[in-house]
Enquirer: 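Sending over a structure as structure tokens; questions will come in a sec.
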Amino acid sequence: MSLNKRLILTTPGTTPDEAFFNIALYSGNDSTQAITGVGFQPDLVWIKPRNQTENHTVHDSTRGSTNQLATNSTSAAREQSNTITSFDSDGFTSGSDNNTNKSSINYVAWCWRAGGGTTSTNNDGSTTSTVQASPLSGFSIVKYTGTGSNATIGHGLSTAPDWIIMKNLDRAGYGWLVYHQAISEEKYMVLNTGAAQADQASIFNDTAPTSSVFSVGTDTFGNYNGDDYIAYCWHDVSGFSKFGSYTGNGSTTGPVVNIGFQPDYLLVKRAEIGDSWRIFDSARSTSNTREEYLDADSTAAEATSQFNTVDFLSNGFQPRCIGSTLNNSGGTYTYAAFKTTH
């Protein structure tokens, strides 16, 4: 199944055939299906059925393609042999699992490239980590084992991460811990619940990431002694990715958020109250105003609403609605934005 469009990222110092992020739309067939046209071999694939209530599933090449997590769930990682069966040179292959390839269901897959599946041992932190990284695109996949004590973890990038999402692989009941530079290292959010930001020193040890490590405290959320964790780390890359915040104005002509490029993927979360992690992209909504959204913390199918609309601009984005999730007057909103080409 070919991708609906092929978009290549070129950044200073790269060759034209290098790509790091793309979006695939496809329809399930209840069998085995190769999704091609992505433009590279992905290392992180995040899939959501669009027209059915099902989990968001996350697969990466460090854990292995069949090892599945769900962004809307606290479940431990599990082996599912008929989900993503391989990461391929131009995409990925899926088995017949409902989350990734059920007949009559339409899917979106957000795909990132890291280190091509090649991992290395990283000793930059007090705890040894296993890392595959793409410093050029500002993305790394980090696996480490908790110690229960204050620790630092090597992330393999050359710049401090601006956004980290991490998950306990071994233990059910522990959700997705989120660091976002816009709310500082003193606070954290939870991807699977949409809960408001919380202040707890024992999560990130009140210590900002550096160019070589990020910190975890004594709390079992991110550092349960003996349990394995996966962390996805990103930092800003000019013209490709941006992680920041804006303040809502409560108007249908919301604030223009200048990020220096036109995004193809946008995730927004209001920080100070409980609200959804809302995802828009240019593949599902091909022109302004972008209306189709999915929520990372929910199994709900794709939806539209006049209270959840946004324009993608040449230099950023602009909420075009009044409502708590995107543009309440005085609300603080964190975001993650990516571009497929520039």
Enquirer: Does either side chain, that of N123 or that of T128, offer a donor lying less than 3.5 Å from an acceptor on the other one?
Expert: yes

Enquirer: Would F21 and F139 count as a close aromatic pair, with their ring centres under 6.0 Å?
Expert: no

Enquirer: Begin from the C-alpha positions of Q197 and V178 and carry the test side chain to side chain contact (heavy atoms under 4.5 Å, CB included) through to its verdict.
Expert: CA-CA 9 Å; Q197 65 186 16; V178 179; over 6 Å; no

Enquirer: In this structure, would W234 and L136 fall into the same cluster of hydrophobic residues linked by side-chain contacts under 4.5 Å?
Expert: yes

Enquirer: Under the side chain to side chain contact (heavy atoms under 4.5 Å, CB included) criterion, do L266 and V310 qualify, and how do the steps go?
Expert: CA-CA 10 Å; L266 177 67; V310 63; 4.1 Å; yes

Enquirer: Taking atom types as modelled, find out whether T83 and D97 have a side-chain donor-acceptor pair closer than 3.5 angstrom.
Expert: no

Enquirer: Between the main-chain N or O of G226 and the side-chain N or O of T145, is there a donor-acceptor pair closer than 3.5 Å?
Expert: no

Enquirer: Taking a hydrophobic cluster as the set of Ile, Leu, Val, Met, Phe, Trp and Tyr residues connected by side-chain heavy atoms closer than 4.5 Å, whether directly or through intermediates, do I322 and L326 fall within one such cluster?
Expert: no

Enquirer: Strictly by modelled atom types, are T93 and D88 linked by a side-chain donor-acceptor pair under 3.5 Å?
Expert: yes

Enquirer: Could you tell me if the side chain of S73 sits less than 4.5 Å from the side chain of H56, heavy atoms only?
Expert: no

Enquirer: Of the non-hydrogen atoms in R63 and V58, which two are nearest, and what is the gap between them?
Expert: NH2-O, 3.1 Å

Enquirer: Would you call D281 and F312 a side-chain contact if the rule is heavy atoms closer than 4.5 Å?
Expert: no

Enquirer: With distance as the sole test, does K167 use its side chain to make a donor-acceptor pair with the main-chain N or O of S75 at under 3.5 Å?
Expert: yes

Enquirer: With a 3.5 Å cut-off and no angle check, do the side chains of S212 and D124 form a donor-acceptor pair?
Expert: no

Enquirer: Does a side-chain N-to-carboxylate-O contact under 4.0 Å join E54 and K48?
Expert: no

Enquirer: Below 6.0 angstrom between ring centroids: does that apply to W110 and Y265?
Expert: yes

Enquirer: Within the distance-only criterion (no hydrogens, no angle test), does the side chain of N29 pair as donor or acceptor with the backbone N or O of S31 below 3.5 angstrom?
Expert: yes

Enquirer: If only atom types and distance count, is the side chain of K339 paired as donor or acceptor with the main-chain N or O of Q262 below 3.5 Å?
Expert: yes

Enquirer: Is there a donor-acceptor contact under 3.5 Å from the side chain of D90 to the main chain of G37?
Expert: yes

Enquirer: If we only count heavy atoms from C-beta on, is the F40 to N22 side-chain gap below 4.5 Å?
Expert: yes

Enquirer: Run through the side-chain heavy atoms of Ile, Leu, Val, Met, Phe, Trp and Tyr, join any pair under 4.5 Å, and report what else lands in F214's cluster.
Expert: V131, V142, Y144, I153, I164, M166, Y174, L177, Y179, Y188, V190, I203, F204, V216, F221, Y224, Y229

Enquirer: Report yes or no: is the cationic atom of R278 (NZ for Lys, CZ for Arg) under 6.0 Å from the centre of the six-membered ring of Y293, at an angle within 45° of the ring normal?
Expert: yes

Enquirer: Is it true that the side chains of N249 and N327 contain a donor and an acceptor less than 3.5 Å apart?
Expert: yes

Enquirer: Are any of the side-chain heavy atoms of K102 and D30 separated by less than 4.5 Å?
Expert: yes

Enquirer: Would you check if the side chain of N168 reaches a backbone N or O of R171 as a donor-acceptor pair within less than 3.5 Å?
Expert: yes

Enquirer: Are any side-chain N or O atoms of T220 and backbone N or O atoms of N223, one a donor and one an acceptor, separated by less than 3.5 Å?
Expert: no

Enquirer: Please name the pair of heavy atoms, one in S134 and one in A114, separated by the smallest distance, quoted to 0.1 Å.
Expert: CB-O, 3.2 Å

Enquirer: Picking from N99, N98, N72, T299, what satisfies side chain to side chain donor-acceptor pair (under 3.5 Å) with N55?
Expert: N72

Enquirer: Write down the atom of T325, the atom of S276, and the distance for their closest heavy-atom approach.
Expert: CG2-O, 4.2 Å

Enquirer: Looking only at the aromatic ring of each residue, does the gap between the centers of F87 and F92 stay below 6.0 angstrom?
Expert: no

Enquirer: Between R290 and E292, does any NZ, NE, NH1 or NH2 come within less than 4.0 Å of an OD or OE carboxylate oxygen?
Expert: no

Enquirer: Of F338, F261, Y335, which meets ring pair (Phe, Tyr, Trp, His ring centres under 6.0 Å) against F317?
Expert: Y335

Enquirer: Dump the intermediate steps for side chain to side chain contact (heavy atoms under 4.5 Å, CB included) on I47 and I84, then the final yes or no.
Expert: CA-CA 10 Å; I47 298 176; I84 302 303; 3.5 Å; yes

Enquirer: Provide the closest heavy-atom pair for H59 versus S65 in the form atom of the first, atom of the second, distance.
Expert: ND1-O, 2.9 Å

Enquirer: Side chain to side chain contact (heavy atoms under 4.5 Å, CB included), that's the test. Do Q80 and T66 meet it? Break it down for me.
Expert: CA-CA 5 Å; Q80 290 286 94; T66 57; 5.7 Å; no

Enquirer: Which heavy-atom pair separates I259 from A337 by the least distance, and what is that distance?
Expert: CD1-CB, 3.7 Å

Enquirer: Are V108 and L44 connected in a single hydrophobic cluster, I mean Ile/Leu/Val/Met/Phe/Trp/Tyr linked by side-chain heavy atoms less than 4.5 Å apart?
Expert: yes

Enquirer: Looking at T252 and R320, would you say the former's side chain and the latter's main chain have a donor-acceptor pair under 3.5 Å?
Expert: no

Enquirer: Can you tell me how far apart OG1 (T57) and CD (Q68) are? Round to the nearest 0.5 Å.
Expert: 5.0 Å

Enquirer: A side-chain contact here means heavy atoms from C-beta on lying under 4.5 Å apart; do W163 and Q181 qualify?
Expert: no

Enquirer: CD1 of I165 to CE of M189: how many Å apart, nearest 0.5 Å?
Expert: 11.0 Å

Enquirer: Looking at R113 and D43, does any basic side-chain N land under 4.0 Å from a carboxylate oxygen?
Expert: no

Enquirer: Apply side-chain hydrogen bond (donor to acceptor under 3.5 Å, both in side chains) to S120 and Q132, showing your working.
Expert: CA-CA 6 Å; S120 61; Q132 60 163 311; over 6 Å; no

Enquirer: Okay, side chain of S126, backbone of T152: is any donor-acceptor separation there less than 3.5 Å?
Expert: yes

Enquirer: Answer with yes or no whether the hydrophobic clustering places L267 together with L25; edges join I, L, V, M, F, W, Y residues whose side-chain heavy atoms lie under 4.5 Å apart.
Expert: yes

Enquirer: Minimum heavy-atom separation for S94 to T100, with atom names?
Expert: OG-OG1, 2.8 Å

Enquirer: Looking just at side-chain N and O atoms, do S96 and N101 make a donor-acceptor pair shorter than 3.5 Å?
Expert: no

Enquirer: Between the side chains of T253 and Q318, does any donor sit under 3.5 Å from an acceptor?
Expert: no

Enquirer: Would you kindly say whether N205 and S215 are connected by a side-chain donor-acceptor distance under 3.5 Å?
Expert: no

Enquirer: Roughly how far apart are D275 CG and S324 OG, rounded to 0.5 Å?
Expert: 4.0 Å

Enquirer: Please step through side-chain hydrogen bond (donor to acceptor under 3.5 Å, both in side chains) for the pair E291 and S285, ending with a clear verdict.
Expert: CA-CA 7 Å; E291 297 181 340; S285 293; over 6 Å; no

Enquirer: Under 3.5 Å, is there a donor on one side chain and an acceptor on the other for S27 and N106?
Expert: yes

Enquirer: Is there a path of hydrophobic side-chain contacts, each under 4.5 Å between heavy atoms, that joins L157 and V237?
Expert: no

Enquirer: Is there side-chain contact between S202 and T218, with at least one heavy-atom pair below 4.5 Å?
Expert: yes

Enquirer: Do L191 and D297 have side chains that get closer than 4.5 Å, going by heavy atoms?
Expert: no

Enquirer: Are the side chain of N192 and the backbone of W176 linked by a donor-acceptor contact shorter than 3.5 Å?
Expert: yes

Enquirer: Can you list everything that forms a ring-ring contact (aromatic ring centres under 6.0 Å, His included) with Y232? Sequence neighbours excluded, please.
Expert: none

Enquirer: A side-chain contact here means heavy atoms from C-beta on lying under 4.5 Å apart; do K143 and I141 qualify?
Expert: no

